[in-house]
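Data block below; observations after.
Counting starts at 1 for both ligands and their atoms, in listed order. Just the heavy atoms: all of them, side chains too, but no hydrogens, waters or symmetry mates, feed the values below.
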Amino acid sequence: MEREMRRRRWLLWLTMAMAVAGSSGAVRGAEVTYDGRSLIIDRQRKILFSGSIHYPRSTPQMWPSLIKKAKEGGVDVIQTYVFWNLHEPWPGQYNFSGRYDLVGFINEIQAQGLYVCLRIGPFIEAEWAYGGFPFWLHDVPGIVFRTDNEPFKFYMQKFTTKIVNLMKSEGLYASQGGPIILSQIENEYQNIEAAFQEQGPSYVQWAASMAVGLNTGVPWVMCKQTDAPDPVINTCNGMRCGETFTGPNSPNKPALWTEDWTSFYEVYGKGPYIRSAEDIAFHAALFIAKMNGSYINYYMYHGGTNFGRTGSGYVITSYYDQAPIDEYGLKRQPKWGHLRELHAAVKNYSAPLLQGAKANFSIGPLQQAYVFEEETGGCVSFLVNNDPTNNATVQFRNISVELPPKSISILGDCNNVIFNTATVNVEGNTRTTTVSWKFDSDDKWEEFEDVIPHFSDTTLISGTLLEQMNTTKDISDYLWYTFRFQPNSSCNTPVLHVESHAHAAHAFVNDLHIGAAHGNHDVKVFTLEYPIPLQDDMNNISILSNMVGLPDSGAFMESKVAGLTQVEIQCDQNEVYNFTEYLWGYQVGLLGEKLQIYEEQNLEQVDWSSGTSLNQPLTWYKSVFDIPEGSEPLALNLSTMGKGEAWVNGQSIGRYWVSFLAPSGSPSQILYHVPRSFVEPSGNLLVLLEEDGGDPLGVTLVTVSTDDIKEKSSTPSPSIDTNSKYSLPDTRMRRGDLKFS
Ligand SMILES: *[C@@H]1O[C@H](CO)[C@@H](O)[C@H](O)[C@H]1NC(C)=O
Ligand SMILES: *[C@@H]1O[C@H](CO)[C@@H](O)[C@H](O)[C@H]1NC(C)=O
Ligand SMILES: *[C@@H]1O[C@H](CO)[C@@H](O)[C@H](O)[C@H]1NC(C)=O
Ligand SMILES: *[C@@H]1O[C@H](CO)[C@@H](O)[C@H](O)[C@H]1NC(C)=O
Ligand SMILES: *[C@@H]1O[C@H](CO)[C@@H](O)[C@H](O)[C@H]1NC(C)=O
Ligand SMILES: *[C@@H]1O[C@H](CO)[C@@H](O)[C@H](O)[C@H]1NC(C)=O
Ligand SMILES: *[C@@H]1O[C@H](CO)[C@@H](O)[C@H](O)[C@H]1NC(C)=O
Ligand SMILES: *[C@@H]1O[C@H](CO)[C@@H](O)[C@H](O)[C@H]1NC(C)=O
Ligand SMILES: *[C@@H]1O[C@H](CO)[C@@H](O)[C@H](O)[C@H]1NC(C)=O
Ligand SMILES: *[C@@H]1O[C@H](CO)[C@@H](O)[C@H](O)[C@H]1NC(C)=O
Ligand SMILES: *[C@@H]1O[C@H](CO)[C@@H](O)[C@H](O)[C@H]1NC(C)=O
């Protein structure tokens, strides 16, 4: 009795103490540790679902609703990379504002009650320009990236420390009362480790101890690094980590899955990769059941947009549009809803999963049971049917359960199917576009043909073909290679032959556009070959070499090459002029880029002529447009354009490439996201740089919506929180659940 009184008094005291701490705003840090079962936050084991959302791939205006939809979807953690090249564009000059406001993004996540996994890298790959490295790193004397190299380690440590100190100064680690429960150092290093021989393992050791030495108070992970040094946790990336993960490298580390790919990044020239909700759910459930998985991060949960020139080689601007939240921030159903049901089912049985004893046994030739059971009676089981085509009727604890092909049933209390990965109860939705502005008449456009430089216009001269990245320093995607040339005698049926390690090229002979060629994501070299008209006297040859993004991966990334590698003019069988070693003149970028004529204040720098020319290469087009009221996402439909870049009110919405068709015969991407925060109700400036030639009159501005949202938002309410109308529950009631009274 007395003991019970003491316990009550203690509980009362505890409640009061917590209330005081809460009301005084005192920050109480949560210790984050781990054991073989899970991460441990505030002395509690946790099953965590996580979703990757990359802050610069959307806008600060979109962050709250994206995070809200993730939370509603049963996500506990938001995982993001840190994008070094955005934050430190020049050595020692930092930028954390606007879309790069990392602290603001994390604060918003905390405000909504979610945790953060911060993948500092600082190598991130991520289909992002230079894998996230600022390009100036290329020019640090003696540097070799991602190995036991002093100059590299110096800058890696400096930036990692900068980020950790920034997080600490804002109190953002869980140990300080903030939301960050996990950090990542390096990224899938094992993929390239062997290339560095014995310096690979020593770099891994260094990176781990450098990170741990920063004393964040929360654990570090290394993904795809089976030998991650203690206390760093090795984690899995992939689509089937229940089958492929070799497991934690120590019995006291938990099984964490840092990248469960909900789709795959897309490149120009290919189609979308669609991974079903059923398949994602199956492998998530399998990871929990078989590997004792306790953290699963969807990569991506929202992919977003590669604005500007941030995408890596050939990557489209629409990033993981097939994720549970699509590029525009709309729920993609049934994916979003089906995973939400999985999360709810698993979460409801966290206790037996995290505290229970585990048993596994066969329940058929291709069927297994995994049972987690507490002494106190809590029980959950996962019944797996690996048969890809047939139902299986299995006996489990005296009940008979029918398992659909390739599915996992979760049995609450070990006797009641609460979720089956292949049984989708959520209705799908369809995304539609509605034209809201047409650019369909000549009087809406003005154009400017960019200038083709001749050798005599150039100031950068070299006796050889220069490597493109080292020459442009990534200030532009474009590098002009020019030379002048007079044939010894009359040249019969001349043919220009160019070999390139860049991504696309255009050839001009005496200002005449001769032709273009391009490579693709999988083959790194291409050839441009066209017959050309040559004069007997001096000719001006200008070749525009173009990169559709920097590389983002591979060993020795600092010594990758791009640009033209061989140039010849063949006059006939025996007469070949070889210009590989020749006097070349270079111009970095286009004139319009140099003058920044995509910005309102610079428009007057060039003479625009009214109207549009059809299929004219290397032309800038400008127009002005209004947007519709409301909050529906906006996009430009560029289906009639070729290849180039688009700016809205001076902000680049990315590189477009409509003329490069996927094997299906359709362009890889037609719609290009225009965030609402980039535009005003009226008078918005649109500038297109068209490289190949297109028809601007066919361009439209569209609103993007899904049918489920449209139904529920028939009355627009632009004045209130514009995000709220998207957050109505999407999980439709099952037919059987309808109750009539
Ligand atoms: C920082 O980045 C933002 C977002 O792109 C940009 O608007 C701003 O101009 C940059 N600030 C500086 C000082 O470069
Ligand atoms: C999962 O946890 C159980 C119980 O702690 C343990 O016996 C088993 O070996 C673990 N399985 C894996 C794959 O780690
Ligand atoms: C959650 O678990 C409780 C207790 O086992 C059970 O009664 C309830 O039906 C479960 N709810 C869901 C949605 O699984
Ligand atoms: C049970 O799990 C253990 C350890 O993961 C494994 O070796 C064994 O094959 C499993 N048995 C069945 C029937 O799945
Ligand atoms: C599996 O069983 C369900 C009913 O439980 C049935 O509708 C379905 O047709 C069966 N599928 C196969 C492949 O036998
Ligand atoms: C299954 O049924 C048998 C006989 O009816 C009974 O002895 C046994 O306890 C039951 N097992 C469970 C797990 O309910
Ligand atoms: C890059 O260009 C500089 C001259 O600007 C040259 O000295 C250096 O050798 C070049 N580096 C590479 C790797 O080509
Ligand atoms: C080549 O360029 C020079 C300098 O711009 C110009 O004077 C000359 O007329 C051009 N030749 C041809 C054939 O266009
Ligand atoms: C053109 O003339 C130069 C100098 O006389 C000679 O070296 C070169 O081989 C000639 N090229 C061709 C293709 O005839
Ligand atoms: C042109 O010259 C370069 C080096 O100067 C050489 O590597 C290349 O093989 C030559 N091309 C042909 C077709 O002979
Ligand atoms: C884009 O515009 C073209 C031409 O007007 C039209 O045929 C196509 O359906 C549009 N696509 C989308 C996704 O809006």
Side-chain angles (χ1 to χ4, degrees), residues 34-40 45 47 226 233-236 240-257 285-296 349-361 368-375 378-382 384 451-459 461 480-497 507-514 532-543 567-585 587 591:
Y34 58 80
D35 66 7
R37 209 62 185 250
S38 78
L39 292 175
I40 299 174
R45 286 186 179 144
I47 296 259
T226 35
I233 306 166
N234 61 304
T235 66
C236 187
R240 297 180 293 116
C241 281
E243 292 164 1
T244 59
F245 190 37
T246 52
N249 64 20
S250 148
N252 62 20
K253 292 181 186 176
L256 313 182
W257 188 354
L286 188 67
F287 185 67
I288 293 166
K290 192 171 159 201
M291 299 304 303
N292 302 338
S294 57
Y295 172 94
I296 297 174
Y349 289 94
S350 299
L353 279 171
L354 292 169
Q355 266 96 244
K358 183 182 183 185
N360 66 322
F361 47 89
Q368 282 98 38
Y370 298 88
V371 182
F372 298 83
E373 190 159 24
E374 291 174 289
E375 277 175 17
C379 191
V380 63
S381 49
F382 293 71
V384 182
V451 174
I452 298 152
H454 298 160
F455 176 82
S456 54
D457 304 325
T458 60
T459 50
I461 308 289
W480 281 104
Y481 289 74
T482 71
F483 67 102
R484 58 186 171 196
F485 157 67
Q486 182 166 13
N488 292 358
S489 53
S490 234
C491 182
N492 300 319
T493 61
V495 171
L496 176 68
H497 177 95
F508 297 83
V509 175
N510 298 323
D511 295 346
L512 192 70
H513 186 248
I514 295 304
I532 53 170
L534 266 192
Q535 309 191 1
D536 285 347
D537 53 359
M538 198 60 94
N539 295 274
N540 297 307
I541 320 270
S542 304
I543 303 165
V567 178
E568 288 142 24
I569 292 176
Q570 296 154 357
C571 290
D572 56 39
Q573 227 63 358
N574 337 324
E575 223 186 345
V576 177
Y577 293 90
N578 186 343
F579 300 101
T580 309
E581 306 285 329
Y582 197 76
L583 206 57
W584 285 90
Q587 178 185 303
L591 178 65

**Q.** Flag for N234-T226: side-chain donor and acceptor within less than 3.5 Å
**A.**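 No.
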Between the side chain of [X] and the main-chain N/O of [Y], is any donor-acceptor distance below 3.5 Å?
X	Y	answer
Y577	N488	yes
Y481	I541	no
K358	K290	yes

Under 4.0 Å to a heavy atom of [X] - the qualifying atoms of ligand 8, by number:
X	value
N510	12 (C), 13 (C), 14 (O)
S456	4 (C), 5 (O)
M538	13 (C)

Quick one: nearest non-hydrogen protein atom to [atom], plus distance?
atom	value
atom 2 (O) of ligand 9	N488 ND2, 2.1 Å
atom 5 (O) of ligand 8	H454 ND1, 2.7 Å
atom 14 (O) of ligand 8	N540 ND2, 3.4 Å

Q) For ligand 8, is any non-hydrogen atom under 4.0 Å from Q535's backbone (N, CA, C, O), its side chain (CB onward), both, or neither? A)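 Only the side chain of Q535 comes within reach of ligand 8.
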Q.
Ring-plane angle category for F287 and F245, please: parallel below 30°, perpendicular beyond 60°, tilted otherwise.
A.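 F287 vs F245 ring planes: tilted.
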Q. Which class fits the ring pair F485 and F483: parallel under 30°, tilted 30 to 60°, perpendicular over 60°?
A. tilted
(Q) Show me which atoms of ligand 2 lie under 4.0 Å from any heavy atom of K290. (A) 13 (C)
Q. Under 4.0 Å from any heavy atom of R37, which atoms of ligand 2 are there?
A.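 Numbered from 1, ligand 2 contributes 4 (C), 5 (O).
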Q) So among D457, N510, I514, T482, which one has a side-chain contact (heavy atoms from CB on, under 4.5 Å) with S542? A) T482
(Q) Nearest non-hydrogen contact with atom 10 (C) of ligand 2 belongs to which option: N360, N292, L353? (A) N292
